[in-house]
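None of the values given here were measured: they were computed from a predicted structure. Note on naming: letters A, B, ... go to the chains in the order of the sequence lines (proteins, then strands), and numbering restarts at 1 for each one.
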Amino acid sequence: MTTLTKAELADLLFEKVGLNKREAKELVDDFFEEIRSALASGDSVKLSGFGNFQLRTKSQRPGRNPKTGEEIPISARRVVTFHASQKLKAQVEQHSGELLES
Amino acid sequence: MTKSELVRLLTARYPQLVARDMEMAVKTVLDAMSQSLVSGARIEIRGFGSFGLNHRPPRMGRNPKTGEKVQVPEKFVPHFKAGKELRDRVNLLPGDGQESGL
């Protein structure tokens, strides 16, 4: 199965929006950088039709080194979660049958 | 941050593009990402994260209104895993914690 990467996204911007190759590549980088920096500054990101990126704060919890069995605390941290939009979930669900066959 | 704010931030970075072109660019990227998942292809953006599909096995559900049992068929749901740079920048305590590599 193929994988979508920044290179393919830049090609699409070149073909469909008429940016030159350098602009297209930069814009793809900037697109993800704007989302990253919004999240880094504590802002959630809502992309209607696609999904929401939200932040969750987790308090310290006990963990274990799986190799040695030694107990080590997992420090408090902030993590990103993604929730696909109803639209995207419905589209993926609709095509699940075809994906299961392949 | 919403999609229109993202468009506005990006337009400010590209004075050579009008807002309508930037709207088109953002739509093109998001549509390609949705389409990729719908077709079963993963998305991998270095430093940001990866999107894929998780399988949900069939289960017995219940119609909450009637209480009637219904078979919910197996399906796929979209899934996101944050990449290292995004994880580190979002975390309150960057570079801390043994689990940051997971």
*Asks:* Less than 4.0 Å between a side-chain N and a carboxylate O, is that true for R36(A) and E33(A)?
*Replies:*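 Looking at E33(A) and R36(A), the cut-off is met.
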*Asks:* Is E26(A) close to chain B through its backbone or its side chain, or both, or neither, when contacts mean heavy atoms under 4.5 Å?
*Replies:*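 Answer is both: backbone and side chain atoms of E26(A) are under 4.5 Å from chain B.
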*Asks:* Going only through I, L, V, M, F, W and Y residues with side-chain contacts under 4.5 Å, is there a path from L17(B) to L9(B)?
*Replies:* yes
*Asks:* Same cluster for I45(B) and F80(B) if Ile/Leu/Val/Met/Phe/Trp/Tyr side chains link at under 4.5 Å?
*Replies:*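 Yes, I45(B) connects to F80(B) through the hydrophobic network.
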*Asks:* Quick check on S37(A) against chain B: is it the side chain, the backbone, both or neither that has a heavy atom closer than 4.5 Å?
*Replies:*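 Its backbone and side chain both get close to chain B.
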*Asks:* Before giving the answer on salt bridge (Lys or Arg N to Asp or Glu O under 4.0 Å), spell out for R56(B) and E93(A) the whole-Å C-alpha distance, their side-chain angles and the decisive distance to 0.1 Å.
*Replies:* CA-CA 10 Å; R56(B) 291 277 179 273; E93(A) 196 175 330; over 6 Å; no
*Asks:* Counting only heavy atoms closer than 4.5 Å, note whether L19(A) contacts chain B via side chain, backbone, both or neither.
*Replies:*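 Just the side chain, heavy atoms under 4.5 Å.
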*Asks:* Against chain B, label V80(A) side chain, backbone, both or neither, depending on which of its atoms sit under 4.5 Å from a heavy atom there.
*Replies:* both
*Asks:* I'd like to know which of A84(A), A24(A), S48(A) tops the heavy-atom pair count under 4.5 Å against chain B.
*Replies:* S48(A)
*Asks:* Relative to the ring of F82(A), is the ring of F51(B) parallel (under 30°), tilted (30 to 60°) or perpendicular (over 60°)?
*Replies:* perpendicular
*Asks:* Where on S36(B) is there a heavy atom nearer than 4.5 Å to chain A: the side chain, the backbone, both, or neither?
*Replies:*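 For S36(B), the contact with chain A is made by the side chain alone.
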*Asks:* Tell me, out of H55(B), R46(B), E74(B), E5(B), who's got the most heavy-atom pairs with chain A below 4.5 Å.
*Replies:* E74(B)
*Asks:* So for M33(B), is it side chain, backbone, both, or neither that comes closer than 4.5 Å to the heavy atoms of chain A?
*Replies:*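 M33(B) touches chain A through backbone and side-chain heavy atoms alike.
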*Asks:* Let me know if Y14(B) has heavy atoms under 4.5 Å from chain A in its side chain, its backbone, both or neither.
*Replies:*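 Interface part for Y14(B): side chain.
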*Asks:* So for L100(A), is it side chain, backbone, both, or neither that comes closer than 4.5 Å to the heavy atoms of chain B?
*Replies:* both
*Asks:* Nearest heavy-atom pair of A82(B) and R87(B): which atoms, and what distance?
*Replies:* O-NH1, 3.1 Å
*Asks:* Could you pull out the closest heavy-atom pair between P73(A) and Q60(A), with the gap in Å?
*Replies:* CB-NE2, 3.2 Å
*Asks:* With only heavy atoms counted, which part of I43(B) is less than 4.5 Å from chain A, the side chain, the backbone, both or neither?
*Replies:*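 Interface part for I43(B): both.
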*Asks:* Using non-hydrogen atoms only, which part of Q94(A) is less than 4.5 Å away from chain B: side chain, backbone, both, or neither?
*Replies:* neither
*Asks:* Go through the atoms of L9(A) and report whether side chain, backbone, both or neither lie under 4.5 Å from a heavy atom of chain B.
*Replies:*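 It is the side chain, since no backbone atom gets that close.
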*Asks:* Taking F31(A) as the starting point, is it possible to reach F14(A) by hopping between hydrophobic residues whose side chains are less than 4.5 Å apart?
*Replies:*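 Result: no, two separate clusters.
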*Asks:* So which heavy atom on L86(B) is nearest to which on F48(B), and how close?
*Replies:* CD2-O, 3.2 Å
*Asks:* Can you tell which of V26(B), V77(B), V38(B), L53(B) has the highest number of heavy-atom pairs within less than 4.5 Å of chain A?
*Replies:*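 Top option by heavy-atom pairs under 4.5 Å: V38(B).
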